Amino acid sequence: MLRKIAAGVFIASVLGAIGAMFWWTEIQYLLPTPIPEGYREVYINQKVYPGDSTSTELSKPVFYHFFTTNCPCSRFNLTHFNSLRRQYGDSLEFVVVIPAEDDISKARPFFEGETKIIRDVNQEFAVSLGVYSTPQAVIINTNHQLYFRGNYNKARYCTDPLSNFAQMALDSLTSGVAPPEFGPQATIAYGCGIDYTLSM
Amino acid sequence: MQNLKLSKEEEAKVMADLNKRSDLFTFRFLMIYSVFGIFISFYYDTWLIGFGTAALALGSWFILKALLPSASLHRYVASGFFGVFVGTFIYQMHGLFEMHFFAFIGSAILIVYQNWKYQIPLIGFVVVHHAVFAFMQYTGVPDIYFTQLEYMSLHTFVYHAALALTVVIVCGYWAHHFRKLTMDNAMKEIALNKRISMTQQLNKKLELATQKLKTQNKELEDNKSKLLSLTEKQAAMYEKLRTGGVV
C-alpha cells in the first residue's frame, strides 16, 4: 500500500514537472502579453523620436526588432528576422533593441553579420514606440512616422507565408504606399513582456 | 482443442514472459527518444526541455518499476512519455511538422505489449496537448486556431486529429489481435504438451511391456532349446534301441 501511495505521489510530481516545463517554455506565451501599467498606445502615422533621434529627416527608414535573449518566443523567428535583414538591409536600417535588463554580448550570437544592437536603457525605445513585448517589429519612415508595429507572423514559428505581417509592411513601405491594416492578428502582441517599471 | 481455455494463472504467465521482452524493447526506444531530444536541443538551445524530458522519462521508468515491479504502471507512464516527447520535439524544432510523426512511431512501438490499453496515455496526452494550445489560443484572440502550435486551419486540424486517431485505433486493434494469437498459441502449446506427456507415458508403458515380453521370449527360447535337446536325446535313444533290436 505504501508503495502504491509513493508511486501515486511520484506520478503526480512527474505530471506537475511536465506541466511546469510546458508552461514555462510554451503555454504562458499562448495568451496575449498583458498590457503593462503605464502603457500608452502609439498610433500609426504618429511622429516618434526614439532614443536621442532629432526631428531631421532620416536617411533611411528604420526597422526595429525588439528581442529578449532569454525569451523562447524571441528565438522562434530569428531565421525570419535574419532573412528580412538580408533582403531589405539596403533600403532600411535594421536595429535590434534589447530591453534594459538584457545584455548585448548575449544577444550578439543570435544575429548575422554586423547587425546593430542597442540596449534600451530605461526602456525609452519601447515606450516611445508603444512596444511592451518581444518579439515585435516596428518600422518608422524617414519622416519619423510610425509605419508598422506588430507581430511578424500569426504563427509563432513564422510558418504561414500569408501572414508575414512585417514583411508585407516592408513591401508596402518600399512600394511607397500607405501603411497596411492587418487587424488584431498582427497588432495584439504575444511573447515576453517588457518590464515597464524600469521606465518610471 | 477449440474448447480449451487458459486459466488466469496460465494467461498471467504467458503475459509475464511477453512483458519482459517488450519492456526491454520499449526501454530501448525510450532511450532513443531521450537521446534524440537531447540531440535536437542543439538547434534552438532547448536544453532544459531536452534533458528535463529525458530525465523524467527514464527516471519514471526505473522508479516505478522499482516501486511496483509486478504492476504495469511504468508501461502506462512510458506510453504517456511517447506522447510527451511528441510535444517537446515539436517545440524543440520550432513546429517542424515531421515531429508529429513521432506519435505514430510511439503507437507502433506499443503494439509490442499486445495490449490496446497502453495506447490510451499516448493519444490522451497528444489530445490534451493540442486541446490546451487550441483553447488558450482561442481564449486570447478568437478566430485563430492552433497558430501558436504551427499554422493550421480548423479544416486541416480535423484531418490531422482523425489520422492520428486512426493510427492509434489500428495499432490498438493489432495489439489486441496479436494478444489473441499469442493466447491461442499458448493454449495450443499447453494442449500439445499434455499430449506429448501422455504419449511419453504410453511409450514408457510400452517399453516396460516390451521388456517383459523380451524376458518371456527368452525364457520360452530357453525352454525350447531344452525341449529340443531332450527330443534329440530321445531320438538318439530310439535309434539306438531300434538298431540294437534289428541286430
Side-chain angles (χ1 to χ4, degrees), chain A residues 1-34 69-70 72-80 106 109-110 151 153-164 183-191, chain B residues 43-46 48-53 55-57 59-61 63-71 73-74 76-77 80-81 83-85 87-88 90-97 121 125 128-129 132-153:
Chain A
M1 190 61 193
L2 199 66
R3 281 168 175 264
K4 279 185 183 171
I5 294 169
V9 171
F10 178 74
I11 288 183
S13 319
V14 168
L15 287 175
I18 292 168
M21 210 161 61
F22 272 98
W23 170 262
W24 193 71
T25 54
E26 279 198 280
I27 298 172
Q28 61 170 320
Y29 305 116
L30 296 179
L31 290 169
T33 310
T69 52
N70 61 2
C73 295
S74 274
R75 297 183 183 191
F76 293 147
N77 68 343
L78 275 169
T79 314
H80 183 56
K106 272 164 67 185
F110 292 106
N151 303 321
N153 196 291
K154 73 175 180 180
R156 73 194 307 198
Y157 307 113
C158 297
T159 47
D160 175 29
L162 295 177
S163 70
N164 275 340
Q185 292 183 351
T187 53
I188 294 177
Y190 285 88
Chain B
Y43 283 91
Y44 299 106
D45 287 344
T46 50
L48 174 81
I49 286 269
F51 277 107
T53 318
L56 284 172
S60 302
W61 176 270
I63 290 170
L64 290 173
K65 252 187 121 174
L67 278 173
L68 301 169
S70 55
L73 195 59
H74 63 283
Y76 284 104
V77 172
F81 268 105
V84 172
F85 275 119
T88 56
I90 293 170
Y91 170 77
Q92 286 182 282
M93 293 306 286
H94 286 189
L96 185 67
F97 201 81
F125 184 85
V128 167
H129 179 249
V132 166
F133 273 72
F135 176 75
M136 296 285 279
Q137 178 59 45
Y138 193 82
T139 311
V141 181
D143 302 326
I144 301 181
Y145 296 92
F146 317 114
T147 52
Q148 297 293 311
L149 183 58
E150 75 282 312
Y151 175 67
M152 198 183 274
S153 68

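What you are looking at is a predicted structure, and each value in this text was computed from that prediction instead of being measured. Every chain is numbered from 1, with letters handed out A, B, ... down the list of sequences.
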| What part of Ala71(B) gets closer than 4.5 Å to chain A, counting heavy atoms only: side chain, backbone, both or neither? | neither
| query | Do Val132(B) and Trp23(A) have side chains that get closer than 4.5 Å, going by heavy atoms? | reply | no
| said: Please classify the contact of Tyr43(B) with chain A as side chain, backbone, both or neither, using a heavy-atom distance under 4.5 Å. | reply: neither
| query | So which heavy atom on Met21(A) is nearest to which on Thr53(B), and how close? | reply | CE-OG1, 3.3 Å
| field | Which atoms of Leu78(A) approach chain B - backbone, side chain, both or neither, heavy atom under 4.5 Å | value | neither
| Looking only at heavy atoms, which two atoms of Tyr91(B) and Pro72(A) are closest? And how far apart? | OH-CB, 3.2 Å
| note | Highest number of heavy-atom pairs under 4.5 Å with chain A among Leu68(B), Thr46(B), Leu96(B), Val77(B) belongs to Leu68(B)
| said: Any non-hydrogen side-chain atom of Tyr44(B) less than 4.5 Å from a side-chain atom of Arg75(A)? | reply: no
| How long is the gap from CD on Gln92(B) to OG1 on Thr25(A), to the nearest 0.5 Å? | 9.0 Å
| message | Less than 4.5 Å apart, side chain to side chain, heavy atoms only: is that true for Thr88(B) and Phe22(A)? | response | yes
| field | Engaged part of Tyr76(B) at the chain A interface, taking heavy atoms whose separation is under 4.5 Å | value | neither
| Region of Leu73(B) that comes under 4.5 Å of a non-hydrogen atom in chain A | side chain
| Ile5(A), CD1 atom: more than 12 neighbouring heavy atoms under 6.0 Å | yes
| Interchain contact, Phe76(A) with chain B, by part (heavy-atom threshold 4.5 Å) | both
